[in-house]
Amino acid sequence: MSPNAYLIVSAVLFCVGLSGVLLRRNALVVFMSVEVMLNAANLALVTFSKVHSVLDGQVAAFFTMVVAAAEVVVGLAIIITIFRSKASLSLDDARRLRH
Amino acid sequence: MIVPWLTLVIAIPLFGAVVALPLRGVHNRRVGLVTSGLTLALAIAAVVLSRFYDLSEQVLWLRSVGAWYALNIDGLSGSLLLVITALVVAVLLIRSGLEPTATATATATERINVRPEIFTVLVLCTEACISAALLAADLVLFCIAFEMALLPCYALVGCWGGAKRTLAAARFLAFTLTSGFLLLAGVIGMLTAASATGRPSTLLSALGTVAIPEGMGRLLFVLFFLAFAIKGPLVPFHSWLPLLAREAHPLVTTVIVAVVDVLGGYGMIRFAVGLFPAAAAWAAPAVLVLALISIWYAGIAAAGSRHLLQFGVYTSISHTGFIMFGIFALTPETLTGAAMYLSAHAVSVAALLLVGTVIWVTTGTAHIGEFAGLGRRLPVLAGLFLISGLATLALPGFLNFAAELQVLVGAWEHHRVLTLLAIGGTLLGAVYVTLAYQRLFTGQPSPDAPPLKDASLLQRGAIGVLLAATLLFGCAPELLREYVAEADLGTAAIAAADAADAGGK
Amino acid sequence: MGMNMLLLESGFTRWAGASWLVIALPLLVAAVLLSAGALSDSWGHWLGVAGIAVPFCYSILLFCLMLSAPEPFTSTLYTWLSLGTVKVGVSLLVDQLSILFLLLVTGVGMLVAVYTVGYLAHDAGRRRCFGYINLFIAAMLLLVLADNYGLLFLGWEGVGLASYLLIGFWQERNAAALAAKKAFLMNRVADLGLLTAIAVLFTQAGTLRFSAVPAALQEAGGPWAGIVGVALLLAACGKSAQVPLQSWLLDAMEGPTPVSALIHAATMVTAGVYLMLRSVPVYELAPTVRVVVVLIGVLTLFLGAWIAMTERNLKRVLAGSTMSQVGYLMLAAGLGPVGAVFAVFHLLTHGVFKADLFLTAGAITEAVGFNELRKLGGLLKLLPWTFAAFTCGYLAIIGVPFLSGFYSKEHIIAAAWADSPLLGVCALLGVGLTACYMTRLLLLLFAGKPRWQDTYDTDSTSDKHDTDDTADTEDTNTAADVEIRRTPASMAFPLVVLSLLALVGGLALNGWLQSWLAPVFSVTAPATNWLHFDWLSYTAIGVMLVGVLVAVVWYRKVTPAWFEEPVPAIASPGLYADIIMERGIVAPSVRLTSGVTWLEQRGLDSDAADADGTDGLWLGLNGVSALVLRLQNGSVRTYALLCSIGVVVVLALMLFWVWM
């Protein structure tokens, strides 16, 4: 079975997600794009698991999903806190880290 | 019972520092003086005993890296050890006699932001670190001592002195950290090269036998060279020192220039030239030119300097250029001469700066005017300044001259033109010393100038002993020369240089 | 007789072995006087005199012992320096030449010391002066007793140091401080030559001893003998104030007059000639350099005479005269071994009569209060004994027959003529010039009426050589209130001794000296007697008389108005030497120094006046860090972009590596 089609889809998904992270200003949209990137990675993992006929890739996909879930929890909490103080979801407004 | 003399030389100042920490006032000063005197006695004992016994100590420390706690004393480190322990005693003696006078400005010893007791502690810590660096026979131990000396020095510069002392301390920190970083990079390079052999060891005796490929050797040499050139200092890496001379307390300047900066020349001989003989021979021509530039540039800057301590510091930079010239001329005589000059220059520049300290505290300013007329008001100090100046310009009869002659005559054979230029550099010494003396001490003082207290007996004694030592060894330099020449000063490098010369001809 | 000889010889050996004492004693006295401070003010000067008198007695003793069986004797104390296989020892050589110098230095030194007791009687720093004088004597004796160039260098520098201290003795005077600095620096330039010569000797000749150097240089071959010759010549020029390093001698007159007499007339300026004398065999190996030596001698001869002719300050005239006479010495030393003997002769006689002249000048200054020629005059009636002392020295220096200067100059002229007629003519011309300027001085000082009672339109400020030679508390005496002070006995005694020596010294030494010094320079002693006159001598006497006549005609009637005339440029003393040095060396050096200082402050260091470190290095570093800081703009998306770029780069590298 040729994994090419799946890998291409995975790559396209990753790029879509990456461009979403870099180009969108809304924090929630950036989060969704990060999710898309993680899912692209999942797809690649599962594909290779099927190619090599081992379960390691699918187990790794589970790990990824857990990490994604944890990250969403923490990230949303941070966004809500920032939203409460700044009343804006734009990433450009969060410049407290500058020198 | 075997007494670990060398470890004691390092440990006693630390112990004294710990004891002095909670004490105040005269007790603190007494502990400082006693400790430094004891260290000097130990150093003398160690040097004397090392002629008969083997005092080296070796204890395995880090097995994986191959680092040992190894101490050893030979001609080069012994002479320098004696010098720095004596200078610390002198500095603490002068300091104990300093009283703020009515004319001293607020930058003098009066307004000290941090407790003055810490001065003793910090100076003793510095002495311990420098002694450890001088006695270290292991590369990692040397590196650690070299870096550790930075901490008390930084505190010394930043705590007392003029308005811009924090800037001076920051600059000092930046430069010294860079030099430490370069040294560390070099040490790590050496470690990787040493670990290529089966049993890694960073003992100096073992490192001498490690074969390093040529390119890597040159790179490591450059790293070591730059590290010690900043410490020396050599022009153009010297710009941390004049600001320090102007802003730090003069005693601190004395400690840094006379005690700490000997590591520059020492490291150059022991490590840069000692560990990488072929690379040293390769780099020698360029370094000689750099050293000459240092001699002339710093000498001219000294002639133009209007601040007494800055003047002393520029003379030190000029002498360091001379020492580097001697080291990289790579003949047995010049290396011995450079080693002797290290000790001689430390003593003479310390005497000069200590005289400057007393003048600064007595008159309240270190500015050198024109015909300031201080000779009439402070005759003894004028005499001491003149004698220190004569030692600095290497008048025959002083140890500086004997060392300088060794360097010049030894270098004459191989580098005629450069040596002629270096001989011309000795003229500069006369120019800046007589200029400074004429500007400070001659001329008529203004009639309404208040009477000044001349140097006290203690100050005369402390500075006078230093100058007497220079004169004594100047009249009998063979004593020192034989002692220093016994040490293995870059014989491999001399051989490499000779081979290069023979190959080139 | 044999037993006597043996006893004398062993006595000489024993005593000569103690020659280090003659250096150690004045050194010790100097150390005591300079460190004891005000405690020793009351007895310090007598200790100072003793510090020189004892070596003088020792020298006389040694000389008497040596007379019967003159043999050089070297005593080595220890090794001072050693480089490679070459050792420089503290070895003192007592031979026929050094014993003469020993006598000269200690003899004149002792007389000057006695004189100083009286001259500086009112000066608070008298003890300090004696300390410095003893230091000088110790260094000078080390110089003349050394048996190798290295030890000579030690004494050489010591003498330079003592000269610096003594010229700047009254260091509250700006002019004195500057003169001391100038003398020290010019001597130091000359010392570069001696240092170079020593370096060459160490490496090429392998020895520094006077006796061994010529053979070693001959073996070394090549241009080395010439190079050593040039280097030593440079050193001698500086120490003996020869062209081109001569201008410090005039300024050195800022020091006390006895110091000028001792150092800058009799002894230190002859140190350069001594170096030449010891190096005569080296110059035999390099004939071209020998010609240069002679040339410099002739040039200085004329320049010094010109300075003496045009100067208007008493001491500076004598300084010019010294420069000129030392030019004679260099000329003679450059003529080879034969000339060297005569150089020693003239050196000894010159030391005596020049010291006499200087001390007389000091007596005049002490009596009257100033030493500018335009204010002096008519002293014949007022100071008759001083006039007598001056005249003895005057007659000796111009070369009146049978007096000391006559014999010594005679021989030099004869040797110069034998070498080349042109040189002989120059030497004769020198005699004439000497007669002329000395007569000028005599007339300006003693003839006519005293000029200090006349007022001048342009008073003290116009004459830039207005050096008031009295103790530092004295001001310039104004017109009418000059009172003649009596010369104390301590000043009169040395004058008497020196005047007598100036009269008879030449007669005594002639003939004997050539045979005494013959073994030192390896020449056969020519036979001469005191009544020997040939056509050259008559010519010299004639030239001298012409010179005297010219001066008498010119300066017979000197009025104050004569001094008012502006000095024509050609007659300016020093012939622009000072201006050349100022424009050519000092000004560029000052510019260079300010350039370096500017670079240090602006480029590499922080200026003290700035609030924070705004120098080049700091600004550069700040600029670089400011650039890097632009990356820290706080924008999350920029950081994300940077992360992605980094990931891409790392991936590319990994792929590249795998592909390789």
Side-chain angles (χ1 to χ4, degrees), chain B residues 164 167-168 170-171 174 236 238-239 242-243 246 297 300-301 303-307 314 332-333 337 371 373 375-376 379-380 382-383 386 390 393 395-397 401-402 405-406 408-410 412-413 419-420 423-424 426-427 429-431 434-435 437-438 441-445 475-478 481, chain C residues 34-35 37 78-84 86 90 150 153-158 160-161 164-165 168 171-174 176-178 180-181 184-185 187-189 191-192 195-196 198-200 202-203 589-590 592-597 599-601 603-606 608 611-613 615 617-618 621:
Chain B
K164 293 198 318 184
L167 178 65
R171 234 183 139 99
H238 68 286
S239 56
L243 178 62
R246 281 204 304 271
Y297 184 85
I300 296 175
S305 190
R306 289 308 178 126
H307 188 282
Y314 274 122
E333 291 92 30
F371 299 113
R376 201 166 217 189
V380 174
L386 187 62
L390 293 174
L393 69 89
L395 196 76
F401 170 73
L405 193 66
Q406 290 257 333
L408 289 174
V409 173
W412 173 260
E413 193 64 45
T419 311
L420 273 177
I423 291 181
T426 63
L427 174 65
V431 169
T434 49
L435 255 181
Y437 185 83
Q438 175 235 302
F441 294 106
T442 62
Q444 195 75 243
C475 293
E478 283 298 292
R481 194 197 65 84
Chain C
L34 290 174
S35 48
Y78 63 93
T79 307
W80 181 39
L81 302 166
S82 89
L83 263 95
V86 184
V90 178
F153 189 56
L154 178 57
W156 186 272
E157 293 279 342
L161 171 66
Y164 170 75
L165 292 170
Q171 64 183 14
E172 296 87 28
R173 282 222 289 258
N174 296 4
L178 288 173
K181 182 180 69 164
F184 191 76
L185 288 179
N187 270 307
R188 200 69 179 165
V189 169
D191 294 341
L192 298 181
L195 206 53
T196 313
I198 289 179
V200 170
F202 260 115
T203 47
S589 312
V590 169
L592 181 62
T593 310
S594 16
V596 166
T597 318
L599 181 63
E600 276 293 294
Q601 285 176 339
L604 295 173
D605 187 6
S606 316
D612 51 80
D615 64 288
L617 186 63
W618 221 232
L621 281 176

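The figures here come from the full heavy-atom set of this structure, side chains too, leaving out hydrogens, waters and symmetry mates. Every chain is numbered from 1, with letters handed out A, B, ... down the list of sequences.
- Under the 4.5 Å side-chain criterion, counting only non-hydrogen atoms from C-beta, C/Asn187 is not in contact with C/Tyr164.
- Of all the heavy atoms in C/Thr196 and C/Leu192, the pair that sits closest is OG1-O, 2.6 Å.
- At a 4.5 Å heavy-atom cutoff, the contact between C/Val200 and chain B is made by backbone and side-chain atoms alike.
- A distance-only check finds a donor-acceptor pair linking the side chain of B/Gln406 to the backbone of C/Ser82 [under 3.5 Å].
- Side-chain contact check for C/Leu83 versus B/Arg481: every heavy-atom pair is 4.5 Å or farther apart.
- Within the 4.5 angstrom heavy-atom criterion, only side-chain atoms of C/Leu161, from C-beta onward, approach chain B.
- Using a 4.5 Å cut-off between heavy atoms, B/Leu386 touches chain C through its side chain atoms alone.
- Taking the side chain as every heavy atom from C-beta outward, B/Leu393 and C/Phe184 approach each other to under 4.5 Å.
- Of the listed residues C/Thr593, C/Val590, C/Leu34, C/Thr79, the one with more heavy-atom pairs under 4.5 angstrom with chain B than any other is C/Thr593.
- Both the backbone and the side chain of B/Leu435 come within contact range of chain C, judged by heavy atoms closer than 4.5 Å.
- With a 4.5 Å cut-off on non-hydrogen atoms, B/Leu390 touches chain C through its side chain but not through its backbone.
- Residue contact with chain C, scored on non-hydrogen atoms closer than 4.5 Å, involves the backbone and the side chain of B/Glu478 alike.
- Put simply, the side chain of C/Glu157 does not reach to within 4.5 Å of the side chain of B/Phe401, judged on heavy atoms.
- For C/Thr597, the part sitting under 4.5 Å from any heavy atom of chain B is the side chain, from C-beta outward, and nothing else.
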